[in-house]
Each structure stands twice: as C-alpha cells, then as structure tokens.
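Both ligands and their constituent atoms are indexed starting at 1 by order of listing. FYI, the numbering just counts along the sequence from 1.
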Amino acid sequence: MDKVVSLCKRRGFVFQSSEIYGGLSSTWDYGPLGVALKNNIAAFWWREMTQLHENIVGLDAAILMHPRVWEASGHVAGFVDPLVDCKQCKARFKAQDLVKTWRNKKKLEALGGGDIPEGGEGHLEELKKIRWPEALCPTCGTTGSLTEPRLFNLMLKTFLGPVEEAAATVYMRPETAQGIYVNYLNVVNTSRVKVPFGIAQIGKAFRNEITPGNFIFRTREFEQMEMQFFVKPGEDTKWLEYWRDARFNYYLSLGIKRDKLRLHRHTQEELAHYAADAYDIEYEFPFGWQELEGIHNRTDFDLKRHTEYSGKDLNFFDEETKERFTPYIVETSAGLNRTLLVTLLDAYDEDVQEGEPRTVLRLSPAIAPIKVGIFSLVKKDNLPETADRIAEDLRKICPVFTDHQGSIGRRYRRMDEIGTPWGITVDYQTLQDQTVTLRDRDSLEQIRVSVDLLGDEIRRRLAR
Ligand code: ATP
C-alpha cells in the first residue's frame, strides 16, 4: 500500500487536496495520470453498460435534489450510524466496529451485549444493551471513558439561496441511485425502453464518513458508477444472479487477478432495509477483504416509496401483455475511486530487468493513461524528429508520450512505472528501412515493425 501511495504522489496520479495549506483530511486530487486513469476506468464501465447492452441507457442527474427525495429513500431517517466517543482521548468509533472487535476477543458477553447480531447496520436500541461505561477505550486504554452510542446522520448538508435557514436545507446526494429512480418515468416516456432495462450513471456522491481512510478507499467525496436494472416482479432473482456473474467477470476483463476477488452474499443481518438479497464483490486489499461493488435486489421498495411521497404513478405498463406493475430493481453499485485503487494495487509489481530493479504497473492497456512511449535511441542525427513524426501520427489513435532524454533503459523503466504497455524506439536502422522496435511492457518482447504498419498494430493490440 505504501509503495502505491508513494508512486501515486511521485508520478502524479493522486495528490493530497489543498496540500499547500496543509491538506484537508481524507480528501484527494487526481493529477495528470490519475485523471487519465480515472476517466479510462469510467469509459470502460460506460462502454460495458451502455454500448454492450442495448437495453441500458445513460443519465446524468444533479447532485442536489429535492429534500423529499431523501425522506422517501429512507436516508433522513435511516442513514445514520450509532457513534461512541471517548471522553478521555476524543477518539470516535462506530459502535458496531467496537462490537466486532469485542466479539473476537469475547468481551462482548461480559458487557451485556452477547446477543447483538454480527455485522449489520447496528440498531441503537440493541447497542444500548451494552454497558458502555464499563468498557475500555481501545485507543487510550481508559476504562469508563466511553459515551453511550448516539446517532449521527451521514448526509452532508448545505443551503440553497442566500438564507441559511432550515427551509433552504438541501443534501449533497449520498448515492447516485436516487437520481435514476426519480427520472425513471422520464426515461420510460422518452426512450422506448421496455422492462427489463437499465439506467446507468456515473457521478459524485458525498457521505460524512466517520472513519474515512486507507488513502482513496473511503473518502467523504467520491464517485460512484451505478446501474439500476428494472425488471418484472418474479424475475428479480434471475436478474440478480445474472448481474452478480456479469459484474464479477467485468473485473476479470479489467485485468484484475481472479484470486484477489471473491463474492460475499449478505447475511440476513447485513441486508439493508430495502434489500431482499445482496452480494458484494470483494477485493483482497493490503488491509483485508473489502467491498468493491454491491449488487442488490432492491425489490419494488424505491419506486413504491417515490410513488407514495411524490403522488406520481410510477408503474410500468407492458404494451404486449397489457400488464401494469411496479418494476423490481436490481442495482449494481461500484466505486470509481475504489476501482482505481484496486487497479493500481493489483497492477503493481517489482522485478529485475537486465540486472536493474524495476517497478512496473501491469495495467490493462484499455485503462493505461498512456498507451505508447516513443523514444529516439540518441538525441541527434534526425532520430528525435523521426520519433516526433511517428508520435504525431499515433496521437490520433491513442495517448502517446515522447522522451528523448537519458539512457533508453531508464526511459523504458519510467514508462513501465506508470503502466505504459508499449514502447517504440527509433534507431539508425529506422533511417534505412523505415522500421522501429516495438517493446511489450510485460513480455519484454521486442519486434521490428514497419512505420507504415504501426497504427494498425497498435489498434490491433488495443482491441484485444
Ligand atoms: P462500505 O460498507 O464500504 O461503506 P457501502 O456498503 O456503504 O460501503 P454502497 O452504499 O453499497 O457502499 O456503495 C457502493 C459502492 O460505492 C461501494 O462498493 C464502494 O465502492 C463505493 N463507496 C461507498 N462509500 C464510499 C466512500 N466513502 N468512499 C469511496 N467509495 C465509496
């Protein structure tokens, strides 16, 4: 993890936000290579959803929405975490996290909370069974310094208009999904979609997370890639299984290692209030197995609730069967920043080439920020100009980077470190027979390719 974080900073993938002012905790900015990688991942997902599935259309809804949306969704009432503070050292914990730790150490029974379910949202009434004042703060070790759990809403608030009053309060959306549900009728009425169909969206979401951290893994501002799939009641189980498998395979197509991925089916206690069944796709991070994407059977909860709160009929009328029903929703919800972290962690490798250690990011060419590094063997005899001309041509196909400075080995290694899949070197032979060497980052194979055919060769390799 430390090596990836340091590479991110050194090579311009991710910087700390507002760094010259000392930074803002758990907030990150994406530098030149980071934004390229992030955009490529978003484009890869968008293509997978909207281009490869005829029945999935796109949407880009506003971050700010009518406050009633969050009442209907359950976020105002339910998007809360019971928190416990240490009066001594001021550390703050999710009550449920302490429950988990104590269960492992078998302390929970001694504190009267032995029958509290594992995992789950952590309901206040149950958590209050624990005799908190008798417990020990895990950070400073003081006994009797922990407060009773209190509820804390995870939505960020702001005010619309010039007056900071309750009537003008709006929330920064904590998930992109609701923008899809409230536009469901607009999409049905304007784009000839028929159940089963999906709506895909990529956008920012905000949560006042209590325990952000692990670099970009958990932040208060993040991006989600969500696809909500509307299905006929009774077909929801089939579609949940379909999307569970499709989404798992998607990560393999993104180049993520099979043995670092696993599925976790939610237990009854873990299920959110709206879900009938759910799977997490988990990745083995350096800090343990953690969720990367959630696939949920949300039933007809969302559309029923929005019907109730808005007074608008959100049924679907099937022209063929003349049936009217409220669709069930199968949701696939992935984190863009978290996916980016996974691609970096998974791609990071170190080996030794020609006696020299190298760091290499084995990123899939589809998402690599730069696809081709173009070098002249020496900085004279018209070699740099020839390389620049080749670069001008290839630039129309994909992002390229030219470098004429330093030893050729060093230049290769600089490109390997940022995941550039191919290197092209212009040498003296190029001037004679119009061929260049094309080097592969992973196999290290070098072949001679005619300059005329370079574009086709790169296109062919990118399409693989
Ligand atoms: P977690 O249990 O990790 O908090 P969650 O179950 O609340 O996640 P969902 O609401 O299902 O997450 O969100 C879907 C996806 O959005 C997650 O799988 C994750 O990739 C991403 N995500 C959620 N919260 C954050 C966050 N605070 N920072 C970065 N990504 C996030």
With a cut-off of 4.0 Å, which atoms of ligand 1 are near a heavy atom of [X]?
| X | result |
| --- | --- |
| Leu292 | 18 (O), 20 (O) |
| Phe217 | 28 (N), 29 (C), 30 (N) |
| Glu209 | 24 (N), 26 (C), 27 (N) |

Distance to 0.1 Å, residue and atom name: give those for the protein heavy atom nearest to atom 15 (C) of ligand 1. Ser333 O, 3.6 Å
Which heavy atom of the protein is the closest neighbour of atom 11 (O) of ligand 1, given with residue, atom name and distance? Glu291 OE2, 3.3 Å
Show, in sequence, the C-alpha distance, side-chain angles and deciding distance for Phe316 and Phe325, and conclude whether the ring-ring contact (aromatic ring centres under 6.0 Å, His included) test is met. CA-CA 5 Å; Phe316 181 82; Phe325 56 86; 5.8 Å; yes
Going by the salt bridge (Lys or Arg N to Asp or Glu O under 4.0 Å) test, name the single residue among Lys3, Arg441, Arg10 that passes it with Glu417. Arg10
Is ligand 1 less than 4.0 angstrom away from at least one heavy atom of Thr219? yes
So for Glu175, does at least one of its heavy atoms come nearer than 4.0 angstrom to any atom of ligand 1?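 Not so, Glu175 does not reach ligand 1.
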Evaluate whether atom CZ of Arg262 has more than 12 neighbouring non-hydrogen atoms of other residues, nucleotides or ligands under 6.0 angstrom away.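 Above 12, so yes.
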Just heavy atoms, cut-off under 4.0 Å: does [X] contact ligand 1 by side chain, backbone, both, or neither?
| X | answer |
| --- | --- |
| Arg218 | both |
| Glu293 | backbone |
| His296 | side chain |

Could you check whether Tyr30 and Phe13 have their ring centres less than 6.0 Å apart? no
Below 3.5 Å, can you tabulate the donor-acceptor pairs from side chains in residues 202-215 to any protein atom, sequence neighbours excluded?
unit_1 : atom_1 : unit_2 : atom_2 : d
Lys204 : NZ     : Glu221 : OE2    : 2.7
Arg207 : NE     : Pro174 : O      : 2.9
Arg207 : NH2    : Pro174 : O      : 3.2

